[in-house]
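Take a look at the structure below.
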Amino acid sequence: MAKSLRTQFMNHMILHRFSHYTIKNYMSAVEKLAKYHNKSPDKLTNGDIQNYLLYLIGERKLTGGTCNVHMSGISCFYKNILQWDETDFKLPPSPRIKKLPNILSVEEVKRLFECAANLKHRVLLKTVYSAGLRISEAVKLKPIHIESDPSRMMIRIEQGKGKKDRYTVLSKYLLDELRLYWQEYKPGKWIFPGQNKENHIGFSGAREAFLIAKKKPV
């Protein structure tokens, strides 16, 4: 993708407050499309794009969700950057498959905590499970989000899924764990900082901590 098109697309998404992960995925979708045809994306036709989507489904065997991300990124680029009035490329509807969530038992959750690599990862996992948070929400917690007054006992989640703020319950057990962790780590700005304490721990790092603990033998 030409540098000017890349910059325009990046600026558009930043201006419209797309999340970091959406920007990364949408940029990747357009870059892979251009690489597949070995052409700048502004030189492609509707037919070229449709053939690429068919390639993702037929040859790459990508899941419906992954294909939708590619489709959304490509559509966003062509409609907003190249100002296409009409786009004929589309994905066929994927069959709806309902799967029951894989819910851990109480013993499995306890084992998960015990297998965490260190205190920070253990308290992070306990925060996720105790407060019912997404990992992406837990990593962004700050001390001001913990409302530990006995009359409140709430955790404030800012800009969670759908860019919405919400509250969740802060248990006495989790509060005690957070206080012990705070005394040990003294993290500062973020409750769960990364290597650079000015930044919170990354989503991928937190998710890796979960996967390592899950696979670790007792």
Margin query: Before you tell me yes or no, could you show the steps for E158 and K142 under side-chain contact (heavy atoms from CB on, under 4.5 Å), namely the whole-Å CA-CA distance, both residues' side-chain angles and the distance that decides it to 0.1 Å?
Written below: CA-CA 10 Å; E158 294 184 346; K142 297 179 178 180; over 6 Å; no
Next item on the list: Go through the steps to decide whether L125 and T127 satisfy the test side-chain contact (heavy atoms from CB on, under 4.5 Å), and finish with yes or no.
Entry: CA-CA 5 Å; L125 294 177; T127 302; over 6 Å; no
Note to self: The test is side-chain contact (heavy atoms from CB on, under 4.5 Å); show your working for K43 and S40 and say whether it passes.
What the structure shows: CA-CA 6 Å; K43 305 297 183 184; S40 176; 4.0 Å; yes
Checklist line | Test side-chain contact (heavy atoms from CB on, under 4.5 Å) applied to H121 and N118, step by step | finding: CA-CA 5 Å; H121 290 169; N118 53 52; 3.4 Å; yes
Margin query: Is there a salt bridge (Lys or Arg N to Asp or Glu O under 4.0 Å) between E137 and R134? Walk through the geometry before answering.
Written below: CA-CA 5 Å; E137 295 171 337; R134 300 175 180 87; 2.8 Å; yes
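A tilted orientation is assigned to the rings of Y52 and Y36, their planes being inclined by 30° to 60°. The aromatic rings of Y26 and F9 sit parallel to each other, their planes meeting at less than 30°, with 60° as the upper class boundary.
Side-chain heavy atoms closer than 4.5 Å link hydrophobic residues (I, L, V, M, F, W, Y) into clusters, and following such links, possibly through other members, connects L211 to Y129. Hydrophobic clustering, with ILVMFWY side chains joined whenever heavy atoms are under 4.5 angstrom apart, groups V123 together with L175. Each of V69 and F18 belongs to its own hydrophobic cluster when Ile, Leu, Val, Met, Phe, Trp and Tyr are linked at side-chain heavy-atom distances under 4.5 angstrom. A continuous path of Ile, Leu, Val, Met, Phe, Trp and Tyr side chains, each step under 4.5 Å between heavy atoms, connects I57 with Y55, placing both in one hydrophobic cluster. The cluster map of Ile, Leu, Val, Met, Phe, Trp and Tyr, joined by side-chain heavy atoms under 4.5 Å apart, puts L82 and M10 in the same cluster.
Using a cutoff of 4.0 Å between basic side-chain nitrogens and carboxylate oxygens, K172 and E177 are not scored as salt-bridged. Between K110 and E108, none of the side-chain N atoms (NZ, or NE/NH1/NH2) sits under 4.0 Å from a carboxylate O, so this pair counts as no salt bridge.
Between the side chains of T45 and D48, at least one donor-acceptor pair of N or O atoms lies under 3.5 Å. Between T63 and T66, the side chains place a donor N or O and an acceptor N or O closer than 3.5 Å (distance only, hydrogens not considered).
Atom-to-atom distance recorded for R179:CZ and Q183:CD is 9.0 Å, nearest 0.5 angstrom. Taking OG of S75 as the start and CH2 of W84 as the end, the distance is 10.0 Å to the nearest 0.5 Å. Here the straight-line distance linking atom CG of L62 with atom SG of C67 works out to 4.5 Å at 0.5 Å rounding. Going from atom CG of L33 over to atom NZ of K39 covers 11.0 Å, rounded to the nearest 0.5 Å. Taken to the nearest 0.5 Å, the CG atom of L133 stands 6.0 Å off from the OG1 atom of T168. Rounded to the nearest 0.5 Å, atoms OG1 (T22) and CE (M13) are 8.5 Å apart.
Scanning both residues, P150 and M153, for their nearest heavy atoms gives O-CG, 3.9 Å. Taking all atoms of both residues into account, the shortest heavy-atom contact from L141 to R156 is CD2-O, 4.0 Å. Minimum heavy-atom separation, I74 to V30: CA-CG2, 4.3 Å. The two atoms that bring L170 and S148 nearest to each other are CD2-CA, 4.1 Å, heavy atoms only. Shown here for A138 and L124, the closest heavy-atom pair between the two residues is CB-CD1, 3.8 Å. Of all heavy-atom pairs spanning P143 and I191, the tightest one is N-CG1, 3.8 Å.
The local environment of NZ in K120 is crowded, with over 12 non-hydrogen atoms from other residues, nucleotides or ligands closer than 6.0 Å. Under a cut-off of 6.0 angstrom, the local environment of CD in E147 is crowded, with over 12 non-hydrogen atoms contributed by other residues, nucleotides or ligands.
Side-chain contact check for N11 versus Q8: every heavy-atom pair is 4.5 Å or farther apart. A 4.5 Å side-chain heavy-atom check between P193 and E198 finds every atom pair outside the cut-off. Contact of the I155 side chain with the I146 side chain is registered, since non-hydrogen atoms from C-beta on lie closer than 4.5 Å. Looking at M27 and R6, their side chains come closer than 4.5 Å, going by heavy atoms from C-beta outward.
Checked by atom type and distance alone, the side chain of Q83 pairs as donor or acceptor with a backbone atom of N80 at under 3.5 Å. At least one donor-acceptor pair under 3.5 Å links the side chain of K61 to the backbone N or O of G58.
Chaining together hydrophobic side chains whose heavy atoms lie under 4.5 Å apart leaves W190 on its own.
A search for ring-ring contact (aromatic ring centres under 6.0 Å, His included) contacts involving Y181 returns Y185, F192, not counting sequence neighbours.
Taking the centre and axis of the six-membered ring of Y167, the NZ or CZ atom of R152 falls inside the cone set by 45° and 6.0 Å.
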